[in-house]
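Accompanying notes for the structure given below.
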Amino acid sequence: MPLVTTTEMFKKAYEGGYAIGAFNVNNMEIIQGITDACAENNSPVILQVSKGARAYANHTYLMKLVEAATVNYPDLPIALHLDHGPDFETCKACIDGGFTSVMIDGSSLPFEENIELSRKVVEYAHAHGVVVEAELGTLAGIEDDVVVEAGDASYTKPEEVEEFVTRTGCDSLAIAIGTSHGAYKFKPGTNPQLRFDVLEEVSRRLPGFPIVLHGASSVPQEFVEKINQFGGAMSGAIGVPEDQLRQAAQSAVCKINIDSDIRLAITASVREYLAEHPDHFDPRQYLKPARQAVKDMVTHKLVNVLGSNDRI
C-alpha cells in the first residue's frame, strides 16, 4: 500500500472513539519497532518527521526507510507527516518530497499572522493532494527546535477555533489543553490535569472535526528508573497520565503525538544492555533489544491508550 493521507484515518477514529498514534522517527530501528507493533496489532499509524530529524538523518534516507516499511507491510495504512513545520519553505519541501501530511506551526504568531501562514501552506498542500495540520494555542516544553518557556504557554481559546479553521482550510487542528513537550512536563508532586473543558468546547464548536494533541507522552517511570539505574540522571521527569490520554482519544482527539516515550525506551534499553555487556561494541547487539523496546512500548500505547488496535 502506498503512503496515505490522514483523512480516512481521522474519519474512522472520530466515529470509532479512538486516536491514531503519531510517532516521531529518526532511524531504521525506530521505524521497524513502530511498524512491527502496528502490523501485529492491526493499527493504522502516522510516522512523524521533525525538522531536526530531517537535519539528522537526511530527507532522502528517511523517505527510503519509510518506503521500506510500506513494502514490508503492504496492508498497513501509513501516513508520513511533517511535525512542527516552522515555515512555508519546509512544508513545501516535504510536500514536494513525498510527505502525505504536514503541520505548519504558526502558534507563536499573532492570530492573523498564524491564519495567513497556515492558509498559504494549505493552498499549496491541497493543490498537491496533501493534508495540513495547524495549531492554535502554545505548548510549553522542548522538542527539537521547539522551545517554549512555561510562562509563554497558553491554552487554546475555543472562541477562535471556528474562524481559524474556516479561514485557513486546515484539515486538523492541534490545540493546547495542558500537555507539554519533552520528558520534563510537570514538576514532581503535582497532579497533571488536562483541560477537558477546553477540549469539549472546541469539539462543540467544531463538530466532527479532528483534533490533535501534541506533547502527550506519558514518560513511563520504568524507563526513567532504568535510565537512572544504569548511569542516567533524569530526576523529576513526569508526563501526561495515560488514563487522561485515553479519555481524550474517546472524544474528538483523533491524533496523539508520542514525543518522548520512544526515546526513553531506547535509551533505557541501550544503557541496560551496555552495562550488562561492557565488552560488546557492535551496534547491532544493543540496537536489537532497543528496537524490541520500541515495539513493546508502541504496542502498549496502541492497545491501552489510543485504542487503535484491530481497526484495519
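No experiment lies behind these values; they were computed from the predicted model shown. FYI, side chains are in, hydrogens and waters are out, and symmetry mates aren't considered; it's all heavy atoms of this structure.
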Discussion item. Test your reading of the model: is there a side-chain donor-acceptor pair from Arg271 to the backbone of Phe230, 3.5 Å cut-off?
Written reply: yes
Discussion item. Please give me the minimum heavy-atom distance between Leu62 and Ala53, naming the atom from each residue.
Written reply: CD1-O, 3.6 Å
Worksheet item: Under 4.5 Å between side-chain heavy atoms, hopping through other hydrophobics if needed: is there a path connecting Leu136 to Leu194?
Response: yes
Worksheet item: Is there side-chain contact between Gln48 and Asn257, with at least one heavy-atom pair below 4.5 Å?
Response: yes
Fill in: Within the 6.0 Å centroid threshold, strictly below: His59 and Phe99
yes
Worksheet item: Where do Thr5 and Ser101 land on the side-chain contact (heavy atoms from CB on, under 4.5 Å) test, with the steps shown first?
Response: CA-CA 6 Å; Thr5 70; Ser101 175; 6.0 Å; no
Practice prompt. For residues Lys120 and Glu116, determine if any side-chain heavy atom of one lies less than 4.5 Å from a side-chain heavy atom of the other.
Written response: no
Worksheet item: Between Tyr124 and Asp96, do the side chains contain an N or O donor and an N or O acceptor separated by less than 3.5 Å?
Response: yes
Practice prompt. Name all residues meeting the salt bridge (Lys or Arg N to Asp or Glu O under 4.0 Å) criterion together with Lys157; count only those two or more places apart in sequence or in a different chain, and write none if there are none.
Written response: none
Worksheet item: Looking only at heavy atoms, which two atoms of Gly21 and Leu306 are closest? And how far apart?
Response: CA-CD1, 3.5 Å
Discussion item. Whether the Asp83 and Asn24 side chains hold a donor-acceptor pair (N or O, under 3.5 Å, no angle test) is what I'd like checked.
Written reply: yes
Worksheet item: Just how far is it from atom CG of Leu80 to atom SG of Cys94, taken to the nearest 0.5 Å?
Response: 8.0 Å
Worksheet, complete the sentence: So salt bridge (charged side-chain N to carboxylate O under 4.0 Å, His left out) across residues 225-243, not counting sequence neighbours, yields Lys226-Glu272, Glu242-Lys301
Fill in: Pairing residues for His277 by the ring-ring contact (aromatic ring centres under 6.0 Å, His included) criterion, not counting sequence neighbours
Tyr273, His280
Fill in: Over all atoms of both residues, closest heavy-atom pair of Ala216 and Ile258
O-CD1, 4.2 Å
Discussion item. I want to check something: taking the side chain as every heavy atom from C-beta on, are Val212 and Val253 in contact at a cut-off of under 4.5 Å?
Written reply: no
Worksheet item: Which heavy-atom pair separates Ile256 from Ala249 by the least distance, and what is that distance?
Response: CD1-CB, 4.1 Å
Worksheet item: Has the side chain of Asp261 got a donor or acceptor atom that lies under 3.5 Å from a matching backbone atom of Ser218?
Response: yes
Worksheet item: Is it true that Arg205 and Glu159 make a salt bridge, defined as a side-chain N closer than 4.0 Å to a carboxylate O?
Response: no
Worksheet item: Does a donor on one side chain sit under 3.5 Å from an acceptor on the other, for Glu133 and His84?
Response: no
Worksheet item: How long is the span from the CG atom in Asp310 to the CG atom in Leu302, to the nearest 0.5 Å?
Response: 10.0 Å
Discussion item. I'd like to know whether Ile177 forms a side-chain contact (heavy atoms from CB on, under 4.5 Å) with Thr156, so could you lay out the CA-CA distance, the side-chain angles of the two residues, the decisive distance to 0.1 Å, and finally the verdict.
Written reply: CA-CA 7 Å; Ile177 61 171; Thr156 299; 5.7 Å; no
Discussion item. Is the shortest side-chain heavy-atom distance between Lys255 and His81 below 4.5 Å?
Written reply: yes
Worksheet item: Say you draw a straight line from CG of Asp279 to CD of Gln285; how long is it, rounded to the nearest 0.5 Å?
Response: 8.0 Å
Fill in: From CZ (Phe23) to CD1 (Ile46), nearest 0.5 Å
9.5 Å
Fill in: ILVMFWY network linking Tyr18 to Phe209, side-chain heavy atoms under 4.5 angstrom
no
Worksheet item: So how far is it from Arg195 CZ to Glu200 CD, rounded to the nearest 0.5 Å?
Response: 11.0 Å
Discussion item. Using only atom types and a distance under 3.5 Å, with no angle test, would you say the side chain of Ser269 pairs donor to acceptor with the backbone of Ala290?
Written reply: yes
Fill in: Joint cluster assignment, Phe223 & Ile30, ILVMFWY side-chain distance < 4.5 Å
yes
Discussion item. Taking Phe111 as the starting point, is it possible to reach Met103 by hopping between hydrophobic residues whose side chains are less than 4.5 Å apart?
Written reply: no
Worksheet entry | Value rounded to 0.5 Å, distance of CD in Glu67 from CG in Asn72 | 12.5 Å
Quick one: side chains of residues 32-39, donor-acceptor pairs under 3.5 Å with protein atoms, not counting sequence neighbours, listed by atom name and distance.
unit_1: Gln32; atom_1: OE1; unit_2: Arg291; atom_2: NH1; d: 2.7
unit_1: Thr35; atom_1: OG1; unit_2: Ile31; atom_2: O; d: 2.7
unit_1: Thr35; atom_1: OG1; unit_2: Gln32; atom_2: O; d: 3.4
unit_1: Asp36; atom_1: OD1; unit_2: Tyr73; atom_2: OH; d: 2.6

Worksheet item: Taking only residues at least two apart or on different chains, which pairs with a member in residues 164-178 satisfy side-chain hydrogen bond (donor to acceptor under 3.5 Å, both in side chains)?
Response: Glu112-Arg167, His126-Asp171, Glu163-Arg167
Discussion item. A side-chain contact here means heavy atoms from C-beta on lying under 4.5 Å apart; do Ser118 and Cys170 qualify?
Written reply: no
Worksheet item: With no hydrogens and no angle check, is any side-chain donor or acceptor of Asn114 less than 3.5 Å from a backbone partner on Glu135?
Response: yes
Worksheet item: Are the side chains of Val161 and Leu173 in touch, meaning some heavy atoms are under 4.5 Å apart?
Response: yes
Worksheet item: Should Ile312 and Leu76 be marked as a side-chain contact (heavy atoms from CB on, under 4.5 Å) after you check the CA-CA gap, both sets of side-chain angles, and the distance that decides it?
Response: CA-CA 8 Å; Ile312 300 175; Leu76 180 64; 3.7 Å; yes
Worksheet entry | Nearest atoms (heavy-atom pairs only) where Glu162 meets Leu206 | CA-CD2, 4.0 Å
Contacts under 3.5 angstrom, residues 8-16 side chains, donor-acceptor by atom type, not counting sequence neighbours:
unit_1: Lys11; atom_1: NZ; unit_2: Glu15; atom_2: OE2; d: 3.1
unit_1: Tyr14; atom_1: OH; unit_2: Gly208; atom_2: N; d: 3.0

Discussion item. I'd like to know if Met63 and Val45 are part of one continuous hydrophobic network [Ile/Leu/Val/Met/Phe/Trp/Tyr, side-chain heavy atoms within less than 4.5 Å].
Written reply: yes
Worksheet item: Does the side chain of Thr100 come within less than 4.5 Å of Val130's, by heavy atoms?
Response: no
Discussion item. Is a donor from one side chain sitting under 3.5 angstrom from an acceptor on the other, for Asp87 and Thr90?
Written reply: yes
Fill in: Worked check of side-chain contact (heavy atoms from CB on, under 4.5 Å) between Ile20 and Cys254
CA-CA 6 Å; Ile20 309 297; Cys254 297; 5.7 Å; no
Item to complete: State, to 0.1 Å, how close Pro207 and Arg204 come at their nearest heavy-atom pair, and which atoms those are.
Response: CD-O, 3.6 Å
Practice prompt. Assess the side chains of Ser107 and Asp105: does a donor N or O sit below 3.5 Å from an acceptor N or O?
Written response: yes
Worksheet item: Counting distance only, does the side-chain N/O of Thr267 pair as donor-acceptor with the main-chain N or O of Leu264 below 3.5 Å?
Response: no
Worksheet entry | Contact check, side chains of Leu287 and Arg284, non-hydrogen atoms, under 4.5 Å | no
Practice prompt. Evaluate the salt bridge (Lys or Arg N to Asp or Glu O under 4.0 Å) criterion for residues Glu89 and Lys92: first the C-alpha distance (whole Å), next the side-chain angles of each, then the deciding distance (0.1 Å), finally the verdict.
Written response: CA-CA 5 Å; Glu89 291 72 23; Lys92 181 180 183 299; over 6 Å; no
